[in-house]
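Here the structure is laid out as C-alpha cells; the discussion comes afterwards.
One-based numbering, in listed order, for ligands and for the atoms of each.
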Amino acid sequence: MEKGKIVKVSGPLVIASGMQDVKMYEVVRVGKKRLIGEVLELNNDIASIQVYEETSGIGPGESVIPTGAPLSVELGPGLLGSIYDGTQRPLDMIAKISGDFIARGVDVPSLDREKLWHFIPTVKNGDTVIGGDIIGTVQETSLIIHKIMIPVEVSGKISKIKESDYTVTDTVAEVHNSKTGEKTEIKMMQTFPVRKSRSYAEKLPPIEPLITGQRVIDTFFPVAKGGAASIPGPFGSGKTVVQHQISKWANTDIIVFIGCGERGNEMADVLLEFPHLKDPKTNEPLIKRTVLIANTSNMPVSARESSIYTGITIAEYFRDMGYSVALMADSTSRWAEALREISGRLEEMPGDEGYPAYLSTRLAEFYERAGRVKCHGSDGRIGTLTVIGSVSPPGGDLSDPVVQATLRIVKVFWSLEDKLAYARHFPAISWLRSYTLYIDSLTGYFAQNVSEDFFKLRKQALKLLQEEASLEEIVRLVGIEALSPAERLVLITAKSLREDFLHQLAFDPDDTYTSIKKQYRMMHIIMLLHNVCDEMIANGAAIDRILSLAVREKIARMKFIKETEQKKFDEMEQEIDTLKKIKVTTE
Ligand SMILES: Nc1ncnc2c1ncn2[C@@H]1O[C@H](COP(=O)(O)OP(=O)(O)OP(=O)(O)O)[C@@H](O)[C@H]1O
Ligand SMILES: [Mg+2]
C-alpha cells in the first residue's frame, strides 16, 4: 500500500497527505518511530490521525504506513492477569523490552505467542457446530476456565480436533462447511475491532442484582447484572474505593478495570494495589480473574480515549463465554477530557464546556454495550456485562456536561458527596441524590431470594431519610422543641439508618462485606424498632425512654456481627418484640 507523508504534528494529532487508500478508523504507523495512530478524519488524500504515543521528535516529511486494519484487540487465553495500556500493549512486557519507561513504537503482541495452553475439546470430530459454539476449554488461571468459541460467521462439521498443548496461534480444530466447501482453521486467538460492539443472539431484560456487599448499594440503590451505573463525585470522595470494593466483592466471574488516571500516583496506586488484592472467595489473587487497563501519566491523553473501548471489547468477549462480567471505568471524565483535547485539535465546533457535540453519543454507545444477553451458539448460555463508570466533575458540580450526559443514559446513579466524606461517612453515597431505576426488574429476585417485604422496607427507610432532611430544616429554624414526639422518632431512626446501616467501613474485616441476607436483617431490625417505638409513642411513651432502650446499643454494633452468627439477630428481634408487650405508663 502507498505510504502517506506527515504534513503537520499537533500534539497527539498528526495530519498526513497521500492517504487516499486508507479507511476511517484504520490503524496506521506514524513516522520513523512507527507510532501507533488511528485515522479520525479523511478529506480527499488528507488524513487526521490520532496518535496513541508521545509525538515529540517526529515531524513533517516522515512517512505514514497504513496497516489495513481497524484498532483491534487480541482475544484469547492470557488476557486474565494482564495489565495493558489503552491500545492493549502489555505493560510488563513493554517495561521488560524498553526499561522502566515505555519506549515508543514498541511492537509487542497483546497475547503471549510462545506460551502453551492445554486445550481440552468439548466437541468431537463429526459434530455439527454453529457460530458461537464452545468447542473446548483452557484452564486459563486457577479461577477461570477460558472457553474457546467458534467465530460467529463460521459453521459446519468439526473435521479435526485434538486435546493437546497449543499456543494461541496454533490451529486447535477445523470446521468443514459442506455447503460452501470451506474449511476453517480455528485458533484460540481472535482479533476483534474495538469500536464496534460484539454481537449476541438476543438482548434480555436484566433480572438479577449485582450483589456487591455494600449496603447502601445493594439495599438502597442496586444495579442489575447487565445494567449500567455511574459514580459521580468530587476529588477524594471515594470513587476509586467504591470501584475497588465492587471489583473485590461483587458476584461476578470477571472484572475488567480501566484506570484513566490523571495524576501519576493515582494510576500507580491501581498498578501497585490491584495485583495484591485477594479474591475473598478463594483467597487467590484477584488479578487471576481480572484484566487491568492502565493509563499512566506518562502516556498521552489519546491512549485514554481508546482504553475504554479496548476494555469493553475484552469484557464483551468474556460475557460471550457465558460469564458475568463487571467493567469499571475510573474515571470517565479523564476519557472525556481526552475526547475534548482531540476535538479541539481537529478544530471541531465546541459544545458545552468545550466538549464536542458528540460527547453524549459516545458515552451512550459505551454504556449501551452493557447488558444481559443470550450468547451466540447452540447452548443458549447467558452472559452479563455490568458497566460502572466514575465521573469526576470539577468541584463535584453535577451540572458538568459529562455528568449530565451520563445521567441521561445510565439507570443507576451513586452520587458521592464531599460533605459526607469530610464527616467520614463512608461510602459517601448520598441517600437523597442517588437513585436506581432497576427496582421493578429486581423485585422478583429480592422477594424470592431474600424476603417478600424487602423493597417495602427499603421504601419506608428511604422515606424516613427524606423526612429527616426536611425535619432538620425545621430544627435549624425553630429548634428541636418544635417537633412532635413522632417526628423526634423519625430523626432517631434516620440517624440509626445512617450510622448503623449505611455507614460501612471498607477497611474493616467484618464490615467490608455484608451478605444480602444480613443486610435485610439489619434493615428489618431498625425498622421493626421504629414501628414498635412509634406505637409506644402513640401510647404516651416519652422520647427519653425511646432513646434509652438497651437494644439500641446492640443495633449500633450489629454491622460487626459475623455472617455465621445470625442467631444474634433473632435475639435482638425477640428483645424488640418484648417491648411491644410492656405497658407504657405516661410519665
Ligand atoms: N468505604 C470507605 N471506607 C473507608 N474509607 C474510605 C471509604 N471510601 C473512601 N475512603 C477514604 O477516602 C479516601 C479517598 O478515596 P478515593 O481515592 O476512592 O477517592 P476518589 O474519589 O477516587 O479520589 P480522586 O478524585 O482523587 O480519584 C480513601 O483513601 C479512604 O481513606
Ligand atoms: Mg480515584
Side-chain angles (χ1 to χ4, degrees), residues 211-221 223 229-250 255-274 276-277 280 286 292-297 301 304 307-308 311 326-338 388-398 400 402-403 406 413-431 433-434 497-514 519 522 559-560:
I211 304 285
T212 66
Q214 311 306 301
R215 296 186 290 266
V216 60
I217 292 179
D218 297 350
T219 297
F220 276 25
F221 309 108
V223 61
S230 165
I231 320 178
F235 173 73
S237 56
K239 299 177 290 293
T240 305
V241 172
V242 169
Q243 285 183 312
H244 273 197
Q245 283 293 90
I246 298 175
S247 305
K248 239 171 125 170
W249 294 107
I255 312 287
V256 176
F257 197 102
I258 307 165
C260 304
E262 180 181 42
R263 293 171 291 119
N265 62 339
E266 191 175 7
M267 217 37 237
D269 281 354
V270 175
L271 289 178
L272 292 175
E273 257 173 48
F274 221 100
H276 296 293
L277 292 182
L286 190 63
L292 198 56
I293 317 269
N295 295 281
T296 58
S297 57
V301 286
R304 290 188 211 148
S307 63
I308 70 164
L327 176 135
M328 314 286 151
D330 184 21
S331 121
T332 57
S333 294
R334 304 284 96 83
W335 165 82
E337 282 157 17
I388 297 169
S390 71
V391 196
S392 27
D397 178 7
L398 294 184
D400 164 74
V402 187
V403 175
T406 307
F413 194 62
W414 296 318
S415 181
L416 293 176
E417 262 181 28
D418 44 6
K419 203 173 74 196
L420 293 173
Y422 290 144
R424 311 293 299 159
H425 175 101
F426 289 118
I429 296 177
S430 162
W431 49 88
R433 279 203 207 149
S434 305
L497 281 168
R498 284 188 282 108
E499 293 180 357
D500 310 330
F501 185 80
L502 294 179
H503 180 259
Q504 183 170 5
L505 291 171
F507 308 115
D508 179 277
D510 291 319
D511 200 22
T512 184
Y513 174 87
T514 308
Q519 293 187 31
M522 291 172 73
K559 53 174 80 154
F560 303 110

Would [X] count as a polar contact of ligand 1, with the cut-off being nitrogen or oxygen pairs under 3.5 Å?
{"X": "Gly236", "value": "yes"}
{"X": "Gly238", "value": "yes"}
{"X": "Phe507", "value": "no"}
{"X": "Val241", "value": "yes"}

Give a yes-or-no answer on whether the side chains of Ser392 and Ser331 include a donor-acceptor pair shorter than 3.5 Å.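 Yes, because at least one side-chain N or O of Ser392 sits under 3.5 Å from a partner of the opposite role on Ser331.
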Do you see a donor-acceptor pair shorter than 3.5 Å between the side chains of Ser237 and Asp418?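 There is no such pair (donor and acceptor under 3.5 Å, judged by atom type) between the side chains of Ser237 and Asp418.
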Is atom CZ of Phe560 surrounded by more than 12 heavy atoms (other residues, nucleotides or ligands) closer than 6.0 Å?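 Check passes, neighbour count above 12.
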Counting C-beta onward and ignoring hydrogens, is there a side-chain heavy-atom pair between [X] and [Y] closer than 4.5 Å?
{"X": "Trp335", "Y": "Ile258", "value": "no"}
{"X": "His503", "Y": "Lys559", "value": "yes"}
{"X": "Val223", "Y": "Trp414", "value": "yes"}

Is Thr240 close enough that one of its N/O/S atoms sits under 2.8 Å from the Mg ion (ligand 2)? yes
Measure the distances from the heavy atoms of Gly233 to every atom of ligand 1 and state whether one is below 4.0 angstrom.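 Not so, Gly233 does not reach ligand 1.
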Part of Gln504 with heavy atoms under 4.0 Å of ligand 1, whether side chain, backbone, both or neither: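 Gln504 to ligand 1: backbone contact only, side chain stays beyond 4.0 Å.
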Near Phe235, which atoms of ligand 1 are under 4.0 Å from a heavy atom of that residue? 25 (O), 26 (O)
